[in-house]
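Both ligands and their constituent atoms are indexed starting at 1 by order of listing.
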Amino acid sequence: MSLQLYDTYTRSVRVFEPLRPPEVGLYTCGPTVYDYAHIGNLRTYIFEDILRRVLAFDGYTVKHVMNITDVGHLLSDGDMGEDKIERSARLEGKSAWEVATYYTEAFQRDIARLNILEPTIWCQATDHIEEQIETVRCIEEKGYTYRTADGIYFDTSRLDDYGYLARIDLEGLQAGARVRLGEKRNPTDFALWKFSPEDEKRQMEWDSPWGVGFPGWHIECSAMSAKYLGPYFDIHCGGEDHINVHHPNEIAQTEACYGTRLANFWLHGYFLHLDTGRMGKSLGNFITVEDLVEHGYDPLAYRYLCLNAHYRSPLTFNLETLDAASRALDRLRDLVYGWGTPGEVDAAWLARFTDRIHDDLNIPQALALVWDIGKTDLSAATKKATVRAFDEVLGLQLAEWMPAVVPDEVMELVAQREAARDDKDWVKADELRDAIADAGYEVRDTPEGPLVRKRA
Ligand code: AMP
Ligand code: ZN
């Protein structure tokens, strides 16, 4: 089976063929760097990383571009409210530039800890103000813009198929929103360039042909994707929330300026939820990679948890599933390590794996093969080599895994704890668990006996 992907634009699974083989142009909307990324955001980046690894596994050269939104993303996606970066700067007593740098570096650390490959090109919105102004000018020349008191807006009624990606019911929206339109001509119109407010000094602002201000949130992606990948490229990704506003606006801008469709495929990752509902930076209920590490989890356990759900199904996070993922990853690492030196890859198993990843990235089923191959009577060397080949896509770092050498005094505590458990002296067993933790190790009870490892 050749690679098939679900394309949100056509709402169908299509065979993927690169526009300019062997290169594949991939653009993934990056973080808005006003706060740490939460593990929900990172679920989307893990899905995109899997896509990228599958493309590389198929032998393509992936040119992966990710933007960093460090200006223009306002509190409301409807072009109103304070700029998120400027707001964090005010609240944290830092400059907007310091905030952006700090959270960009935090994001880069987080993705490294989840073994997410770095994009080929990082691009920051504030480094591409010229390109964004040029794109707005281009859209203006084609006659798609109008000016209001607070900025230059895109007139979405000028495009026949505005909002096709989202299947937006434009007439219904128009009828429902008349009262809230303000100076906007249509409810779906959006800012391309915003003027700096007169009563508020912004830190990030630039001269432009229309007046001092800053770019709207959407224009950066059209401008930077065109610069690095051309106006029409292979695959554009983001989280499912981008289907309704951000991506239709990117498409509108690129169509207006270049007359092309922007991307051949549109892929969207579904959200991570908490038992209590949606996780959101602005909702203040978010969990970070750092939180996981502080609680003793290996970040790759979270990656494993994500791999267990298809990217187009919602995923609910809780500590029970994280614990289960953590145990499964530990067992897997021990299993693969125990297989010794790798030999030859088994072609039939690799073909089975390839079919599953080609089936719109069916990673849960591909991951199941890792366990299935373990149960076969193939040689340990073959199993190891084959699972290592799978791991090029899964990214669980199975090849690098080395069990920690546990010092004798810690093993002695573990043995004492086992004895206490046999005597059903749970208080003592817990004390010994704490003593093991103080020594920097943790013990997990498995059906095969206690498993001891260094704390993450
Ligand atoms: P932001 O930093 O808010 O621009 O979002 C970065 C990425 O995370 C975008 O692709 C969003 O669609 C995605 N995203 C936001 N919240 C979630 C969530 N709860 N689960 C999965 N992806 C999310
Ligand atoms: Zn974008």
Side-chain angles (χ1 to χ4, degrees), residues 8 26-51 65-77 83-85 87-88 99-100 103-104 106-108 110-111 114 116 119 123-125 128 132 135 165-166 190 215-229 233 235-254 262-263 266-289 302 305-306 309-317:
T8 314
L26 172 67
Y27 187 91
T28 55
C29 290
T32 308
V33 284
Y34 69 105
D35 202 337
Y36 295 105
H38 59 62
I39 57 173
N41 301 129
L42 290 158
R43 179 185 186 203
T44 293
Y45 298 111
I46 290 172
F47 136 64
E48 293 163 347
D49 183 56
I50 291 288
L51 170 64
V65 179
M66 190 189 289
N67 63 308
I68 298 281
T69 302
D70 56 357
V71 69
H73 197 165
L74 304 186
L75 276 184
S76 118
D77 282 355
D83 186 311
K84 293 184 180 190
I85 311 278
R87 179 168 182 275
S88 289
V99 165
Y103 289 114
T104 302
F107 177 73
Q108 290 169 333
D110 285 345
I111 65 167
L114 291 165
I116 293 173
C123 46
Q124 230 163 292
H128 296 79
Q132 294 178 76
T135 313
L165 177 76
F190 56 92
W217 170 36
H218 317 290
I219 196 71
E220 64 177 271
C221 289
S222 290
M224 298 194 289
S225 64
K227 172 167 181 173
Y228 295 108
L229 298 171
F233 57 89
I235 310 179
H236 196 311
C237 294
E240 58 172 322
D241 57 327
H242 288 344
I243 298 173
N244 283 336
V245 179
H246 182 52
H247 288 167
N249 293 351
E250 286 187 32
I251 292 172
Q253 294 166 153
T254 298
L262 183 53
W266 287 86
L267 267 65
H268 293 96
Y270 278 46
F271 266 25
L272 180 82
H273 301 269
L274 293 176
D275 283 340
T276 47
R278 211 192 115 186
M279 180 175 333
K281 284 185 199 173
S282 49
L283 300 176
N285 66 348
F286 67 87
I287 302 170
T288 62
V289 172
Y302 177 64
L305 184 152
C306 290
H310 190 261
Y311 77 93
R312 280 197 298 116
S313 40
L315 176 61
T316 301
F317 176 86

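Heavy atoms of His242 found under 4.0 angstrom from ligand 1 belong exclusively to the side chain. When heavy-atom distances to ligand 1 are checked against a 4.0 Å cut-off, Thr32 comes that close through both its backbone and its side chain.
In summary, the atoms of ligand 1 found under 4.0 Å from a heavy atom of Asp241, numbered by their order in the structure, are 11 (C), 12 (O).
Of the listed residues (Phe107, Tyr36, Phe271, Phe317), the one carrying the non-hydrogen atom nearest atom 16 (N) of ligand 1 is Phe271. Of the listed options Thr44, Thr69, Val33, Thr44 places a heavy atom closest to atom 22 (N) of ligand 1.
The shortest N/O to N/O separation between Gly239 and ligand 1 falls below 3.5 Å. For ligand 1, the polar-atom distance check against Asn41 finds a nitrogen or oxygen pair separated by under 3.5 Å. Annotation: Pro31 places no N or O atom under 3.5 Å from an N or O atom of ligand 1; distance criterion only. Residue Gly238 has no N or O atom closer than 3.5 Å to an N or O atom of ligand 1.
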Could you walk me through whether Tyr45 and Phe107 pass the ring pair (Phe, Tyr, Trp, His ring centres under 6.0 Å) test, one step at a time?
CA-CA 11 Å; Tyr45 298 111; Phe107 177 73; 5.0 Å; yes
Please evaluate residues Phe317 and His273 with respect to the criterion ring pair (Phe, Tyr, Trp, His ring centres under 6.0 Å), reporting the C-alpha separation (whole Å), side-chain torsions for both, the decisive distance (0.1 Å), and the verdict.
CA-CA 6 Å; Phe317 176 86; His273 301 269; over 10 Å; no
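The closest donor-acceptor contact from the side chain of Asn67 to the backbone of Gly30 lies under 3.5 Å. Proximity of a side-chain donor or acceptor of His310 to a complementary backbone N or O of Ser313 within less than 3.5 Å is not detected.
His242 and His247 form no side-chain donor-acceptor contact under 3.5 Å, judged by distance and modelled atom types alone. Ser222 and Thr135 share no side-chain donor-acceptor pair at under 3.5 Å.
A parallel orientation is assigned to the rings of Phe47 and Tyr311, their planes being inclined by less than 30° (bins at 30° and 60°).
Put simply, no part of His273 is less than 4.0 Å from ligand 1, judged by heavy atoms.
To the nearest 10 degrees, the angle centred on the Zn ion (ligand 2) between SG in Cys221 and SG in Cys29 reads 130°. With the Zn ion (ligand 2) as the vertex, atom NE2 of His246 and atom OE2 of Glu250 span an angle of 80° (nearest 10 degrees).
Between Tyr34 and Tyr103, a ring centre-to-centre spacing not shorter than 6.0 Å is recorded.
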